[in-house]
Number of protein chains: 2
Amino acid sequence: MLNYSTSEENYIKAIFHLQHSDGTVTTNELAAELKTKPASVTDMMKKLKTKKLVHYQAYHGFRLSNDGKKLALIIIRRHRLWEFFLAEKLKFSWEEVHAVAEDLEHVSSKKLIDKLDEYLGFPRFDPHGDPIPDMNGKIESSKQVCLQDLPLNQMATVCHVSDQSKEMLELLGHKKIAMGTRLEVKRRFTFDNSLEIKIRQPRKASADQSAINISEQLSKNIFAKYDE
Amino acid sequence: MLNYSTSEENYIKAIFHLQHSDGTVTTNELAAELKTKPASVTDMMKKLKTKKLVHYQAYHGFRLSNDGKKLALIIIRRHRLWEFFLAEKLKFSWEEVHAVAEDLEHVSSKKLIDKLDEYLGFPRFDPHGDPIPDMNGKIESSKQVCLQDLPLNQMATVCHVSDQSKEMLELLGHKKIAMGTRLEVKRRFTFDNSLEIKIRQPRKASADQSAINISEQLSKNIFAKYDE
DNA sequence: AAATATTTTTAGGCAAACCTAAAAAAATTC
DNA sequence: GAATTTTTTTAGGTTTGCCTAAAAATATTT
C-alpha cells in the first residue's frame with residue numbers, strides 16, 4: 001500500500017461512513033461532513049479518482065473502489081485501536097478519546113498498529129462499541145439491531161429472532177426469512193410502522209427482487225447485523 | 001502554547017540538536033540535517049522569526065529563542081516518551097523505535113503526553129539513554145562523561161571526580177575547578193590529548209574568559225553532565 | 001415543457017513548504 | 001587589499017489543499 005496524506009485519508013474515511021447508510025455519496029454531504037466547501041470536495045474527488053480510490057463521474061456522485069474500501073478499513077482500524085488504548089490504558093474518558101484518535105490514526109506504520117493490537121489483546125470493539133477491523137481488514141458487523149432500527153437501504157444479515165413460537169416460525173417460513181438471510185429495509189410507513197423490505201437471494205440472479213411487507217410487531221422480533 | 005506544523009516542529013527540533021554542539025546554527029548545517037535545500041531553510045527561518053521562535057538576522061545564522069527552546073523540549077519529550085512506549089510496551093527493537101516516534105511526536109495533545117508519561121511510570125531516559133524532559137520542560141542532563149569524551153563547545157557542569165587524593169584536589173583548587181563548575185572544551189590537542197577548556201564564571205561579566213590547559217590524565221578524572 | 005432552484009463543477013487565487021537558478025554577502029586565498 | 005570561493009539570500013516556480021465567485025448540469029416547480 002502506498003502512502004496517503006492526512007487529507008486524503010480523512011476524505012476516504014468520511015466517504016466510508018456516509019456510504020454506510022447510502023451506497024453512494026454526494027458532494028454536498030461530504031463537504032458538510034468534512035466542514036469544507038463543495039468545490040474542495042470536487043478537487044479531491046478528481047485526485048482520488050486518478051489514484052483509483054473512488055469511482056467518480058462528474059455530476060453523478062461517487063463511491064469507494066475496492067482499494068478505497070481497504071484503505072478506509074485500515075484507517076478505521078487505526079482509529080479504533082487508538083481509542084481503545086486511550087480509554088483502556090491511559091484512562092481517557094469516552095468523550096475525549098475520539099479527538100485524540102483523529103490525530104493518531106494518521107500515523108501509518110502497519111507494524112505499529114499490529115503490535116498495538118497485540119499489546120491490547122486483539123480487542124474486537126472500541127470504547128463506543130464499534131467493531132475494530134482485524135489485520136486483514138475483516139470487520140465484525142456491528143451489534144445487532146431489530147429491523148425497526150435498521151437504517152433504510154442498509155444491507156444486513158438476520159442473526160436472531162426473539163420470539164421462537166410455532167406461529168412466529170410459521171410466519172417467517174412463509175416470508176422466506178431465516179437466520180443468515182440478507183435483506184435491507186426499503187421503506188418505512190409511518191401510519192402503522194410497517195416496513196417494506198427486500199431480500200437478497202444468494203444464488204438467483206438479481207431478478208426476483210420482490211418487496212415484502214413486515215408488520216411492526218414482527219419487525220421488532222427480528223434482529224440483524226449490518227453487512228459490509 | 002499555539003499549534004505548529006509538522007515542518008515547523010522538525011526545524012525547531014533540528015536547530016535544538018545542532019545548537020547543542022555549537023550554540024548558533026548555520027543555514028547549510030540545518031539544510032543538511034533536514035535533507036532540504038538552503039533556500040528552504042531561509043524561507044522557514046523568516047517564518048520562525050515572525051513567530052518569535054528563533055533569533056535570526058540575515059547572513060548571521062540563528063539560534064532558538066526562549067519560546068523556541070521550550071517548544072523543542074516539548075517535542076523531544078513527546079519523541080522520547082513514544083520511544084520508551086514502543087520499546088517497553090510494544091517490544092520494538094531500539095533501532096526501529098526512532099522512525100515511528102518521528103511521526104508520533106507531532107501529535108500535539110498535551111494531555112495525551114502527560115497521561116502517557118504517567119502510564120509509563122514517569123521514565124527518565126528513553127531506550128537510547130537520552131533523558132526525557134518532564135512536564136515543565138525540565139530535562140535531566142545526560143549521563144556524565146569525562147572531559148576527554150565531552151564534545152567541543154558543549155557546555156557542561158562538573159559533577160564527579162574519580163580520584164579524590166590530596167594531590168588531585170590541590171590541582172583542582174589551583175585550576176579553580178570544583179563540583180558545579182560550568183565549562184566547555186574549546187580544543188583538543190592530538191599530540192598529548194591535553195585539552196584547552198574555558199570556565200564560565202557565574203557572577204563576573206563575560207570578561208576573564210581565559211583558557212586553561214588540562215592534561216590527559218587529569219581530564220580522565222573529571223566528570224561532567226551536559227548542560228541545557 | 002418552461003422557469004426556477006439546487007447541486008456540482010470550473011476558473012482563478014491564496015498560503016505552506018518545497019524547489020532551481022541567479023544575485024548578494026561573507027569568508028578565504030592569493 | 002583584490003580576487004576567488006563559499007555561504008546565504010532573493011526571485012520566481014511547483015504542488016497540495018483550501019477558498020470565492022461564476023458557469024454548467026441536474027432537479028424541482030409550476
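In what follows, chains are A, B, ... by sequence order, proteins preceding strands, each numbered from 1.
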| query | What is the distance, rounded to the nearest whole Å, between atom CD of E29(A) and atom C1' of dT7(C)? | reply | 12 Å

| request: Answer with base, sugar-phosphate or nothing: what part of the nucleic acid does S7(A) contact at a heavy-atom distance below 4.0 Å? | output: sugar-phosphate

| Can you name the residues that form a salt bridge (charged side-chain N to carboxylate O under 4.0 Å, His left out) with E102(B), not counting sequence neighbours? | K13(B)

| Can a side chain N or O of N28(B) be found less than 4.0 Å away from OP1 or OP2 on dT6(D)? | no

| task | Check whether any side-chain N or O of T36(B) sits under 4.0 Å from OP1 or OP2 of dC18(C), and answer yes or no. | result | no

| query | Does some side-chain heavy atom of Y56(A) sit less than 4.5 Å from a side-chain heavy atom of L48(A)? | reply | no

| Residue pair L147(A) / V185(A): nearest heavy atoms and the distance that separates them | O-CG2, 4.1 Å

| said: Between T26(A) and dT7(C), is there a contact of a side-chain N or O with OP1 or OP2 at under 4.0 Å? | reply: no

| query | Does a salt bridge link K91(A) with E118(B), judged by any charged N lying under 4.0 Å from a carboxylate O? | reply | no

| said: Rounded to whole Å, please give me the gap between NE2 in H106(B) and P in dA16(C). | reply: 18 Å

Collect all protein-nucleotide pairs involving nucleotides 9-13 of chain D in which both atoms are nitrogen or oxygen and the distance is under 3.5 Å.
{"residue": "dT9(D)", "atom": "OP1", "partner": "Y56(B)", "partner atom": "OH", "Å": "2.5"}
{"residue": "dT9(D)", "atom": "OP1", "partner": "Y59(B)", "partner atom": "N", "Å": "2.9"}
{"residue": "dT9(D)", "atom": "OP2", "partner": "T27(B)", "partner atom": "OG1", "Å": "3.1"}
{"residue": "dT9(D)", "atom": "OP2", "partner": "T42(B)", "partner atom": "OG1", "Å": "2.8"}
{"residue": "dT9(D)", "atom": "O4'", "partner": "Y59(B)", "partner atom": "OH", "Å": "3.4"}
{"residue": "dT10(D)", "atom": "OP2", "partner": "K46(B)", "partner atom": "NZ", "Å": "2.9"}

| query | Atom NZ of K37(B) and atom P of dT14(D): how far apart are they, to the nearest Å? | reply | 18 Å

| message | Check for me whether K51(A) meets the cation-pi criterion with Y4(A), that is, NZ or CZ under 6.0 Å from the six-membered ring centre and within 45 degrees of the ring axis. | response | no

| query | Is a side-chain N or O of R78(A) found less than 3.5 angstrom from the main chain of E105(A), in a donor-acceptor match? | reply | yes

| request: Can you tell me the distance, in whole Å, between the CE atom of M44(A) and the C1' atom of dT16(D)? | output: 8 Å

| message | Could you tell me how far apart E8(B) (CD) and dC18(C) (C1') are, to the nearest whole angstrom? | response | 14 Å

